[in-house]
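Here is the structure we will look at, set down as structure tokens.
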2 protein chains.
Amino acid sequence: MDAEAQGAAQTGEEWADVTPDAARRLVGAAVEAFAERGYHATTTRDIAGRAGMSPAALYIHYKTKEELLYRISGIGHEKALRIMGAAAGAGGSAAERLTGAVRTFARWHAEHHTTARVIQYELQALGPEHYAEITGQRRRTDRLLRQIIQDGADSGEFKADDVPGTTLAVLSLCVDVARWFAADGPRTPDEVGALYADLVLRMVGADVA
Amino acid sequence: MDAEAQGAAQTGEEWADVTPDAARRLVGAAVEAFAERGYHATTTRDIAGRAGMSPAALYIHYKTKEELLYRISGIGHEKALRIMGAAAGAGGSAAERLTGAVRTFARWHAEHHTTARVIQYELQALGPEHYAEITGQRRRTDRLLRQIIQDGADSGEFKADDVPGTTLAVLSLCVDVARWFAADGPRTPDEVGALYADLVLRMVGADVA
DNA sequence: CGCGCCACTGAGCGCACGCTTAGGAACGCC
DNA sequence: GGCGTTCCTAAGCGTGCGCTCAGTGGCGCG
């Protein structure tokens, strides 16, 4: 499965590598609840209920409610990092790599908008050391994208005066997809990815095909 | 005071038209607290404490904690709508109007990032009818921006294939400033406005000066 | 069959929440 | 001074939270 296909594939089992089964169901239930109402407005009773368990069962698998958020954030950000890494490591011109990166990154945020919402907008609920760890993961993702844009600027392929600023804008654009995207809306994740890749290529001053 | 200056001016008294004084202090305290920790993680005791009052004093001026958020959202969105309206109503080409709109809108979200954070990311905490009302205000802002982009597309000034999609992306970009902007960061609100105006002009395929 | 193991439940602890109520200080007005 | 109004506080009510713990059912294993 190449980087392009990875984003769209298997919406079904996003948490496949969480075991045992009960722990996985809890993660799924928590993501749903956190995305819908926010971390602080979600109760452990609600999470356990959605997973078909009693409230006490949650604490067999996770020490606290915060640890659930931490696990979700870790797995989610790792996935985001892998997507960006695959795009950055692919061959081709800077424009081709940027197109791939934005298309898959934006598409992932649309496709998995519930997970993305949680990992992008509920981070502040993490404890300080967990927060710092996740922030580090996020910085690595940023760096990969910045390097692509820097490459294009260096080679003259892009006309970007402010590489860090442009990187920030591109990431911000992709991440914010998680906020507004609705599964029953007029756009498919694929369409969002294509639109955003096109818009971003213009932003960096590449020749649009 | 013209539309361009309006955004940057008087960071000090953002809530000048809230009276009496105690009600205004409560709004200020609530915005600070909501922006820092989120609506649900903020307690009425915390808000009252920041405003230098006892917890009970809050309920003299506001019926519930939710009403505080509603008032903040209403005033904030009205301000955002006025900024966009001033830019849309200004004279000049579509490119000039779009530049002004993005510059002031993005700058406002940077300058007032605490307020903006609350009104853009805590809306879901509102009750259903308050939420619907605020959503209406937001749709009016969207429409103003879309019209500018549509004008440019119609006149051939812009090359935008997907006007609603481009509008969505531009708004998303500006709004998300509130999420990442830090007052002690490397960029001033003016710089953010200028950078974003430039990036957006490229996005719509206008000739960049 | 008997035993140990362990995921799980029912009941509930202690706490902090949103919000209420009774009462009082400060002030304007006659 | 007497009185009403406005704005506020101290105290606390009822609720639902995150989390705990003693006990249990069902399973694998000899």
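Numbers restart at 1 for each chain; the letters A, B, ... are given by sequence-line order, proteins then strands.
B/Thr44 has a side-chain polar atom (N or O) that falls below the 4.0 Å cut-off from OP1 or OP2 of C/dG18.
Of the candidate nucleotides D/dC8, D/dC7, C/dT9, C/dT9 has the atom lying nearest to any side-chain atom of A/Ala57.
Salt-bridge formation is not detected for the pair A/Asp151/A/Arg146: no Lys NZ or Arg NE/NH1/NH2 atom is positioned less than 4.0 Å from an Asp or Glu carboxylate oxygen.
Judged by distance alone, with hydrogens and angles left aside, A/Arg45 brings no side-chain donor or acceptor close enough to the base of D/dG16 to form a pair under 3.5 Å.
Residues B/Ile72 and B/Val27 form a side-chain contact, since some pair of their non-hydrogen atoms from C-beta on lies under 4.5 Å apart. A/His61 places a side-chain heavy atom less than 4.5 Å from the side chain of A/Pro20. The shortest side-chain heavy-atom distance between A/Trp108 and A/Lys79 falls under the 4.5 Å cut-off. By the 4.5 Å heavy-atom criterion applied to side chains, B/Trp180 and A/Leu171 are not counted as neighbours.
Separating the CD1 atom of A/Ile47 from the P atom of D/dC19 is a distance of 10 Å, rounded to the nearest angstrom. Spacing between atom CE of A/Met53 and atom C1' of C/dC8 amounts to 9 Å, rounded to whole angstrom units. In this structure, A/Leu26 atom CG and C/dC8 atom P are separated by 8 Å, rounded to whole Å. We find that CD of B/Glu67 is positioned 10 Å from P of C/dC19, with the value rounded to whole Å. Atom pair A/His61:NE2 and C/dT9:P shows a separation of 9 Å (rounding to whole Å applied). A straight line from CG of B/Asp46 to C1' of C/dC17 spans 13 Å, rounded to a whole angstrom. One can place CG of A/Asp21 at 16 Å from C1' of C/dC6, the figure rounded to the nearest angstrom. Taking atom NZ of residue B/Lys65 and atom C1' of nucleotide C/dG18, one finds them 8 Å apart after rounding to whole Å.
Counting any heavy atom pair closer than 4.0 Å across all strands shown, B/Thr43 reaches sugar-phosphate atoms only and no base atom.
When atom types are taken as modelled, the side chain of B/Glu66 and the backbone of B/Gly127 share a donor-acceptor pair closer than 3.5 angstrom. With hydrogens and angles ignored, the 3.5 Å screen pairs a side-chain donor or acceptor of B/Arg117 with a backbone N or O of B/Arg179. Not one N or O on the side chain of B/Glu191 forms a donor-acceptor pair closer than 3.5 Å with the backbone of B/Arg187. Side-chain atoms of A/Glu122 come within 3.5 Å of backbone atoms of A/Tyr39 as a donor-acceptor pair (strictly under, hydrogens ignored).
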Once base and sugar-phosphate atoms are separated, protein heavy atoms under 4.0 Å mark nucleotides 22-27 of chain D, 5' to 3', with B, S and - as ------
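Using a 4.0 Å cutoff on non-hydrogen atoms, no part of residues 29-40 of chain A comes near DNA chain D.
B/Gln150 and B/Arg143 form no side-chain donor-acceptor contact under 3.5 Å, judged by distance and modelled atom types alone. Between B/Thr115 and B/Glu14, the side chains place a donor N or O and an acceptor N or O closer than 3.5 Å (distance only, hydrogens not considered).
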Can you pull every protein N or O that's under 3.5 Å from an N or O on nucleotides 20-24 of chain C?
none

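Using a 30° and 60° split on the angle between ring planes, B/Tyr70 and B/His130 fall in the parallel class, below 30°.
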